[in-house]
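Please read these numbers as outputs of a predicted model, since none were measured by experiment. Numbers restart at 1 for each chain; the letters A, B, ... are given by sequence-line order, proteins then strands.
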Amino acid sequence: MLRYIGKRFLYMLLSLWVIATLTFVMMHLAPGGPFASEKKLPPQIIANLEAHYNLDKPLPVQYALYMKNLIMFDLGPSIKSEARDVNGILADGFPVSAQLGLEAMAVAVLAGLIMGIIASLRHNRLPDYTVMFLAVVGLAVPSFVLAPLFQKYFGLEWELLPIAGWGSFEDSILPAIALAFTPLALMTRLMRSSMLEVLGQDYIRTARAKGLSPSRVITRHAIRNAILPAITIVGPLAVDIITGSFVIEKIFSIPGIGKYFVDSIFNRDYSVIMGVTVFYSALLLLVNLLVDIAYTWVDPRIKIGGRGAN
Amino acid sequence: MKKGKWTGRISAILIAFSLVFTAACGGGGSDQGKGSEELAEEQVLNVGRIKSEPPSLDPATATDQMSSTILNQLMEGLTRIDAEGNPHPAVAEKWEVSEDGKEITFHLRKDAKWSNGDPVTAHDFEYAWKRVLDPKMKPPADYAYQLYYLKNGEKYNQGKAKAEDVGVKAVDDHTLKVELEQPAPYFVALTSFYTLFPVNKKVAEENDKWATEADTYVGNGPFKLKTWEHDAKIELVKNEHYWGAKDVKLTQLNFPFIGEAQTGYQQFKSRKLDEGDSIIIPPDLTKKGLESGEIKSQKQPAVYFYMFNVEKKPFNNKKIRRAFALAIDRKSIVENVTQGGQVPATGFVPWGIPDFVAEKDWVETRDDYLPEKAQPEEAKKLLEEGMKEEGFDKLPAVTIDYNTDEGHKKIAEAIQQMWKKNLGVDVKLRNSEWQVYLDKTKAGDFQVGRLGWLPDYIDPMTFMDMWVTGGGNNDTRFSHKEYDALIKKAKSTADQKVRMEAMHKAEDILMDEMPIAPIYFYTDLYMEQDYVKGVVRNPDKSVYFRDAYILEH
């Protein structure tokens with residue numbers, strides 16, 4: 001197990017290096033630079049700025065400098081936002097994005113599991129139809145459509161929750177639910193079908209025949225087995241939530257990292273592009289690794305790294 | 001059915017009457033009604049003008065609208081300009097300009113103080129201006145060219161002169177002597193611009209990151225920085241050391257970062273925001289809002305125009321350029337496409353820019369060079385003549401380039417249709433992302449492109465000198481000897497009569513040669529709750545909350 005994790009970790013570093021290098025190359029291939037603007041700057045001023053940010057040096061030198069700093073965890077200054085450096089942006093923004101993401105994740109997984117179970121137990125009856133209707137809505141309606149609707153009704157019309165900003169827990173409720181909606185729908189559908197499948201299995205019938213109470217059959221036998229396929233999508237769901245947060249953070253004016261993802265590219269803010277890309281890549285790779293490890297923990301049938309495993 | 005229809009009509013009439021009645025009462029009430037002029041107990045204003053993190057609050061490195069909105073409350077220059085573009089005393093009590101217009105002496109008020117209690121001196125200005133021009137400043141100042149008017153300013157920025165040679169000197173603590181390369185009557189007004197704000201020498205030398213956090217920030221304006229929560233909000237409080245502190249009624253100014261216009265608009269509706277500009281106005285609500293009076297608009301001295309690359313066929317021909325310009329229905333664009341209260345541009349220098357001799361708006365002192373509505377016959381005739389001159393049997397294919405944006409796209413589509421209808425010409429549209437677009441137009445890789453131009457200072461020169469041969473922003477490749485000579489003449493004199501005359505003539509040439517087709521003059525949109533008073537919004541988009549206050553509501 002340890003060897004496997006070690007190996008995966010090395011692969012992760014390798015992937016990160018490839019991602020960082022590709023991003024660096026593509027970024028510099030893209031036309032336009034960070035100092036282009038409607039009112040063109042005199043050439044001398046551009047030269048002074050490029051010298052300051054080492055952009056006057058040959059690309060291989062810039063690359064080497066970047067890699068050197070990256071190894072030291074120094075992501076450099078933001079070119080657009082003179083008051084900030086990339087480490088600062090990540091340090092300020094990540095806890096916010098993470099809180100939002102974790103809340104959304106918790107809503108999606110918990111509510112998704114519960115709703116999926118209820119739907120399967122009341123198969124083809126009203127609760128099932130209701131849950132499935134919600135799931136269809138969740139899948140069909142993107143979060144950026146739901147978010148303004150939430151703002152309008154929960155915020156403005158009924159004045160239950162704040163419509164934008166960040167600070168208290170209340171501020172995070174609407175964005176977390178908006179962000180969770182699609183993953184929640186996915187989770188619900190998956191859990192429902194997984195449960196239905198399990199409930200039709202022979203061993204459930206056997207368990208019932210043995211005279212076990214229905215609640216025991218469901219909790220001990222059905223849910224435990226049905227939950228595994230659902231758990232396998234937690235990784236992709238986390239990715240969904242991380243990428244979905246870009247839009248949600250913008251709509252709810254949340255000071256996370258999401259918006260830098262797109263804005264830095266439009267601004268050609270090279271150091272922010274690189275920093276945010278490398279950071280998110282590391283995060284996604286890490287999520288995948290953790291999910292793989294979790295599989296083995298949930299289902300002992302899956303063996304990793306070991307020879308001769310089936 | 002009939003009955004229903006009539007009930008509907010009667011109730012509509014009744015509603016209309018009641019609305020008029022309420023409006024009449026309400027209007028009177030808000031002006032004279034009891035308590036309406038009483039100050040609210042809580043003087044805290046929430047402003048919706050900041051979309052995201054302002055890139056810099058250091059006056060030397062700030063270059064954008066959001067940063068300047070905050071800076072204008074935190075700092076104060078030698079002068080402050082009013083809605084007509086005239087400078088008024090601020091840190092400077094008075095000033096004298098030498099006869100040749102090249103030397104200006106500013107006398108500073110003695111009671112001006114920094115937010116840490118230090119006195120604001122002429123040395124702070126000298127230090128700040130030289131800091132802007134310093135090529136080794138970290139990072140170098142984008143807007144250093146705003147100080148190229150100073151003697152040896154450009155040379156110092158290029159590393160070709162020393163700091164001592166730059167034409168700004170603190171004679172004593174309260175006298176600042178400025179020497180200019182050329183006479184520039186607008187320089188006094190330019191000192192109200194944030195790049196020329198002072199910097200506390202002691203503070204900046206001790207800590208080069210002084211302007212990046214609230215607890216190290218030192219300004220000399222009516223407000224001081226209380227909180228700067230990156231990516232979330234900025235809060236200012238009244239600066240008790242400000243020389244005019246007794247006139248400042250607001251105790252706190254909050255600038256939450258808005259993100260999406262729709263979100264901001266909803267916050268305004270629920271009174272969580274008291275004032276804001278286009279950052280909180282969703283474009284699709286503009287027309288309705290302007291009609292209902294909820295959204296207000298004011299002139300902005302800026303022009304939206306199409307530029308022709310005079311080196312690319314068919315726009316190397318003057319008559320063809322003119323034909324395309326005449327085939328644009330400007331009136332229809334502002335009424336049906338932009339819908340933000342803009343006006344059709346019949347010349348290049350926009351409204352809001354004064355003719356300093358006639359003492360009128362520049363647009364009132366010139367004839368319309370272009371019609372508001374399209375002139376298809378004249379345009380077709382010119383196109384034929386032009387094509388004959390160039391020996392074209394068939395017009396070369398034409399493409400309009402614009403940068404990716406819903407607004408620019410709609411305008412380009414409208415113009416595409418107008419050129420089809422009025423000239424019978426099929427044109428293609430091509431959009432590219434902003435930075436790519438800038439690269440393309442700079443490299444001359446376009447036939448027709450769009451651009452908007454905002455003034456650097458309130459004077460026609462900021463619009464006229466961009467079209468000189470080889471000008472850094474002259475993407476049209478337009479070159480005209482007489483035009484260049486007229487601009488040079490206007491730049492070398494302090495005599496307003498000579499300057500204005502030369503620039504009027506230059507505009508005549510520009511609008512005759514037509515390397516550009518002006519489309520409309522901008523408006524600045526804003527909203528404010530009815531209990532907010534005294535906000536000063538200048539045409540150059542600078543906004544001042546120094547004299548703002550909140551009424552009981």
[X] side, atom [atom1]; [Y] side, atom [atom2] - distance, nearest 0.5 Å:
{"X": "B:Thr63", "Y": "A:Lys80", "atom1": "OG1", "atom2": "NZ", "value": "7.5 Å"}
{"X": "A:Asn48", "Y": "B:Lys138", "atom1": "CG", "atom2": "NZ", "value": "12.0 Å"}
{"X": "B:Met137", "Y": "A:His52", "atom1": "CE", "atom2": "NE2", "value": "9.0 Å"}
{"X": "B:Gln435", "Y": "A:Phe266", "atom1": "CD", "atom2": "CZ", "value": "10.0 Å"}

Which heavy atom in [X] sits nearest to a heavy atom in [Y], and how many Å separate them?
{"X": "A:Ile45", "Y": "B:Tyr145", "value": "CD1-N, 3.6 Å"}
{"X": "A:Pro255", "Y": "B:His230", "value": "CB-O, 4.0 Å"}
{"X": "B:Asp439", "Y": "A:Gly32", "value": "OD2-N, 2.8 Å"}

Less than 4.5 Å to any heavy atom of chain A: does that hold for the side chain of [X], its backbone, both, or neither?
{"X": "B:Gln267", "result": "both"}
{"X": "B:Tyr437", "result": "neither"}
{"X": "B:Phe257", "result": "backbone"}
{"X": "B:Leu454", "result": "both"}
{"X": "B:Asp456", "result": "both"}

Q: Measure distances from A:Asn267 to the heavy atoms of chain B and classify the residue's part below 4.5 Å as side chain, backbone, both or neither.
A: backbone

Q: Output the option from A:Trp166, A:Tyr53, A:Tyr260, A:Phe35 having the highest count of non-hydrogen pairs under 4.5 Å with chain B.
A: A:Tyr260

Other residues, nucleotides and ligands only: do more than 12 of their heavy atoms fall within 6.0 Å of [atom1] on [X]?
{"X": "B:Lys442", "atom1": "NZ", "result": "no"}
{"X": "A:Glu157", "atom1": "CD", "result": "yes"}
{"X": "B:Lys155", "atom1": "NZ", "result": "no"}

Q | A:Lys40 vs B:Asp475, side-chain contact (heavy atoms from CB on, under 4.5 Å): CA-CA, chis, key distance, verdict | A | CA-CA 10 Å; A:Lys40 282 162 199 106; B:Asp475 292 332; 2.7 Å; yes

Q. Does some side-chain heavy atom of B:Thr212 sit less than 4.5 Å from a side-chain heavy atom of A:Glu82?
A. no

Q: For the residue pair A:Ile46 and B:Asp142, establish whether any side-chain heavy-atom pair is separated by less than 4.5 Å.
A: no

Considering only heavy atoms and a distance below 4.5 Å, find which of [options] pairs most often with chain A.
{"options": "B:Pro139, B:Pro54, B:Ser52", "answer": "B:Pro139"}
{"options": "B:Pro256, B:Pro135, B:Ala141", "answer": "B:Pro135"}
{"options": "B:Lys209, B:Glu260, B:Lys272, B:Gln266", "answer": "B:Gln266"}

Q. Any sub-3.5 Å donor-acceptor pair from B:Thr263's side-chain atoms to A:Ile251's backbone N or O?
A. yes

Q: Verify the distance criterion only: is there a donor paired with an acceptor across the side chains of A:Ser81 and B:Glu53 at less than 3.5 Å?
A: no

Q. Under a 4.0 Å N-O cut-off, is there an ion pair linking B:Asp231 with A:Arg84?
A. yes

